[in-house]
Amino acid sequence: MPFDLREILRQTEATTSDGALPAWLRDSWSDAPGFIATLAAHHASRGGPAPKSRPGQHHDFFHDLVVRHADSTAPALRTWDGARWQLLGYRELADRASRRAAEWAAQGVKAGARVALVHPLGPELLVSLLASLKLGACVSVLPPTGTHFLARRLTRLEPAHISAEAHQAPLIKGHEALLLRSKGDVAPGFTSHTYKPGDTVALLFSPLVDPPDTPVPLTAERAWNGALVDGLLTFGLGAGDAFAAPGFHFLQHQPALLFATLLRGATYVHLEPAEVERAPARLTELPLRSLGVSPALREALVRANKGALRGVAHWFRSADDALDWESWRDWMRQRDVANVPHTHVLIDAAEGGTMLASRRHTGELHTALAPSPGRAWAFKDLNLSGQEAAGDVGLFTPLPDKGRPPPFVLLTRQREQYLFSGTRDTRREGRVYPSAEVIEALADLPFCHGASVTPAASAGTSRHAPHVLLLFTGAEDAESFAREQDARRVEVRRRLELRLGAEHLPDRVELFPLLPHRTKEGRIDEAWCRAQYLIGALHQKSTDPMFQALTALRGRLRESVRAPGEDERTGSR
């Protein structure tokens with residue numbers, strides 16, 4: 001069906017208070033290939049060398065993201081290193097990535113090879129990402145944080161190669177033989193790989209997928225189409241525009257945000273919220289075409305208290321962040337952004353970018369949104385049967401869904417509007433909490449006789465429930481338990497931060513001088529732990545002399561029946 005792109009762009013840029021969905025948006029869901037083709041034609045006509053990618057046929061990411069913009073005077077990346085801005089231009093990026101690709105090709109990196117990129121957001125990540133795409137590799141981006149966190153994902157991924165800086169080698173212990181060498185002294189090659197639409201361009205560890213250590217395949221078609229829609233419509237970027245999203249979750253949003261920015265020849269501006277708090281003016285040294293406002297950035301700006309936020313044409317927030325109305329209203333008043341167009345979006349890099357987006361509004365925050373343009377989807381039943389939802393509450397399901405993770409986003413339909421109603425399961429800050437990884441990271445603590453993680457009751461939505469770590473220390477006298485509590489909590493948090501990263505610390509740590517129930521297979525009975533904690537039984541038992549005596553007796557019985565050489569934390573408990 002024909003799409004009037006001029007009218008679509010006009011409506012995209014305009015703010016609205018009308019809740020009705022435009023006809024072109026509904027049509028774009030039913031005719032996604034036709035809609036993407038229309039956008040691609042407009043994208044190709046905006047001057048400069050033509051893109052090599054053809055929707056539905058083939059995709060050359062290296063050419064379209066970098067080479068096409070080599071003559072741009074705007075940098076591809078602008079990052080704050082703690083003392084000054086680092087600029088990485090498109091031509092320099094193309095040269096460095098080409099040299100790195102030539103080095104890696106000599107080390108055996110081939111099309112389709114799995115390459116893990118263990119880098120923080122910055123120049124090294126971008127160069128390695130583009131080098132991988134030039135060779136046709138299948139990339140995975142991982143932040144260099146947490147030894148157990150990385151080891152678990154590298155084991156699941158089974159990469160053929162790993163890119164990391166030399167000082168990060170201790171984080172990938174056991175995988176050192178896979179490290180790629182990058183000196184930058186090899187002559188660059190000239191050809192770049194072309195992916196077929198169904199080729200897997202990335203395996204991403206989305207924190208929105210349960211369990212979060214599951215590598216999710218992203219096809220070249222989803223990645224390129226998502227970058228096109230986001231760059232052109234969601235964020236409205238053009239050549240030379242600046243884009244920033246400080247504090248947005250790395251694994252949830254990358255490389256989708258980088259793809260959208262580079263595809264349009266714009267500049268990705270990166271600095272941490274803490275740096276914004278120290279020097280708020282640094283955020284808008286360049287006028288920002290689009291700014292992502294995370295809760296961390298919002299709070300940093302509030303604490304800085306430097307008046308109006310100037311130079312921002314559009315801002316957006318993540319729909320799965322806690323909708324703290326008062327905090328958002330206070331921030332909007334303090335920074336004088338009520339008249340700046342804003343949207344709220346739900347982005348998952350493993351799905352290629354934005355899945356849900358609102359239309360642009362000014363004034364008060366709003367909650368209505370809709371599936372992203374050009375994305376085929378279905379409104380399916382809550383029981384995961386696969387059938388269409390019969391009522392007005394259902395699961396947002398990107399199509400095709402075969403071989404994809406189960407849908408988790410709840411939408412409520414109100415006439416032509418949709419409301420983000422949370423998630424099918426209990427989450428923290430919209431993301432799956434890695435309970436199994438937390439328990440595993442603490443298994444070798446000398447005072448840990450079992451652990452469990454349970455979400456606690458919350459006044460907020462289910463996706464923001466606080467998570468409590470329940471740690472059982474076994475039989476010990478009340479005086480010893482009380483004396484060691486504080487030191488043990490410190491050790492628990494230290495170990496989790498070292499092994500998994502600070503973001504995975506539980507909201508609360510509860511210690512109990514008890515032994516947990518276990519299943520016949522020897523695993524912790526999670527349901528028992530959760531129920532006993534939520535009704536207060538664990539607290540009562542931990543202070544009851546009778547239960548303390550029973551716990552001591554159980555401990556001695558287990559010690560007496562334990563076979564010689566058998567580990568004391570086997571399934572016999």
Side-chain angles (χ1 to χ4, degrees), residues 8 12 25 28-29 31-44 51 53-62 64-65 129-130 133 138-141 195-209 216-237 243 245 248-266 268 290 292 316 318-320 343-358 369-377 396-401 403-405 407 409:
I8 290 173
T12 301
L25 179 58
S28 77
W29 301 332
D31 183 19
F35 181 76
I36 294 297
T38 301
L39 289 189
H42 173 82
H43 172 69
S53 299
R54 296 291 181 271
Q57 300 179 34
H58 52 81
H59 301 286
D60 186 334
F61 286 88
F62 184 77
D64 290 359
L65 298 181
L129 176 63
L130 270 299
L133 294 173
C138 172
V139 300
S140 293
V141 294
Y195 293 84
K196 295 178 181 178
D199 288 347
T200 301
V201 71
L203 284 167
L204 302 177
F205 292 95
S206 171
L208 303 183
V209 171
V216 181
L218 173 66
T219 63
E221 182 175 46
R222 279 185 190 248
W224 198 88
N225 291 356
L228 178 65
V229 172
D230 284 349
L232 186 57
L233 300 182
T234 309
F235 308 127
L237 300 174
F243 172 90
F248 271 55
H249 194 276
F250 181 88
L251 287 174
Q252 181 177 342
H253 298 97
Q254 299 298 354
L257 296 183
L258 286 170
F259 282 177
T261 305
L262 299 181
L263 187 67
R264 296 291 294 160
Y268 194 100
S290 191
F316 62 94
S318 184
D320 56 351
T343 55
H344 63 292
V345 300
L346 180 63
I347 299 171
D348 184 5
E351 287 291 342
T354 301
M355 298 190 296
L356 300 165
S358 71
L369 40 58
S372 183
R375 185 177 288 278
W377 69 288
F396 166 73
T397 308
L399 299 176
D401 57 343
R404 303 294 294 174
V409 175

Pair S53, D60: side-chain N/O donor-acceptor within cut-off below 3.5 Å: no

Are [X] and [Y] close enough that some pair of their side-chain heavy atoms sits under 4.5 Å apart?
X	Y	result
L130	F61	no
T200	L218	no
I347	S318	no
L233	L39	yes
L346	V409	yes

Indicate the atoms forming the closest heavy-atom contact of [X] with [Y], along with that distance.
X	Y	value
P371	W377	CG-CE2, 3.2 Å
A319	L369	CB-CD2, 4.0 Å
D230	G353	OD2-CA, 3.5 Å
A32	G374	CB-O, 3.4 Å
F396	P407	O-CB, 3.4 Å

Side chain to side chain contact (heavy atoms under 4.5 Å, CB included) between F35 and I8, intermediate numbers included: CA-CA 11 Å; F35 181 76; I8 290 173; 3.8 Å; yes

Which value, rounded to the nearest 0.5 Å, describes the distance between [X] atom [atom1] and [Y] atom [atom2]?
X	Y	atom1	atom2	answer
L208	H249	CG	NE2	9.0 Å
S206	L251	OG	CG	8.0 Å
D320	D348	CG	CG	9.5 Å
R264	L65	CZ	CG	12.5 Å
S140	L129	OG	CG	11.0 Å
Q252	L204	CD	CG	12.0 Å

Residue pairs passing the salt bridge (Lys or Arg N to Asp or Glu O under 4.0 Å) test where at least one lies in residues 216-228, sequence neighbours excluded: R222-E351

Can you list, pair by pair, the side-chain donor-acceptor contacts under 3.5 Å of residues 254-263, counting residues two or more places apart and other chains?
unit_1: Q254; atom_1: OE1; unit_2: L258; atom_2: N; d: 3.3
unit_1: Q254; atom_1: NE2; unit_2: Y268; atom_2: OH; d: 2.9
unit_1: T261; atom_1: OG1; unit_2: L257; atom_2: O; d: 2.8

Intermediate values then yes/no, ring pair (Phe, Tyr, Trp, His ring centres under 6.0 Å), H59 and Y195: CA-CA 5 Å; H59 301 286; Y195 293 84; 8.6 Å; no

Is a donor on one side and an acceptor on the other found under 3.5 Å between the side chain of [X] and the backbone of [Y]?
X	Y	answer
D199	V201	no
D31	S28	no
T354	S372	no

Partners passing ring pair (Phe, Tyr, Trp, His ring centres under 6.0 Å) against F235 (at least two apart in sequence or in another chain): F243, F316

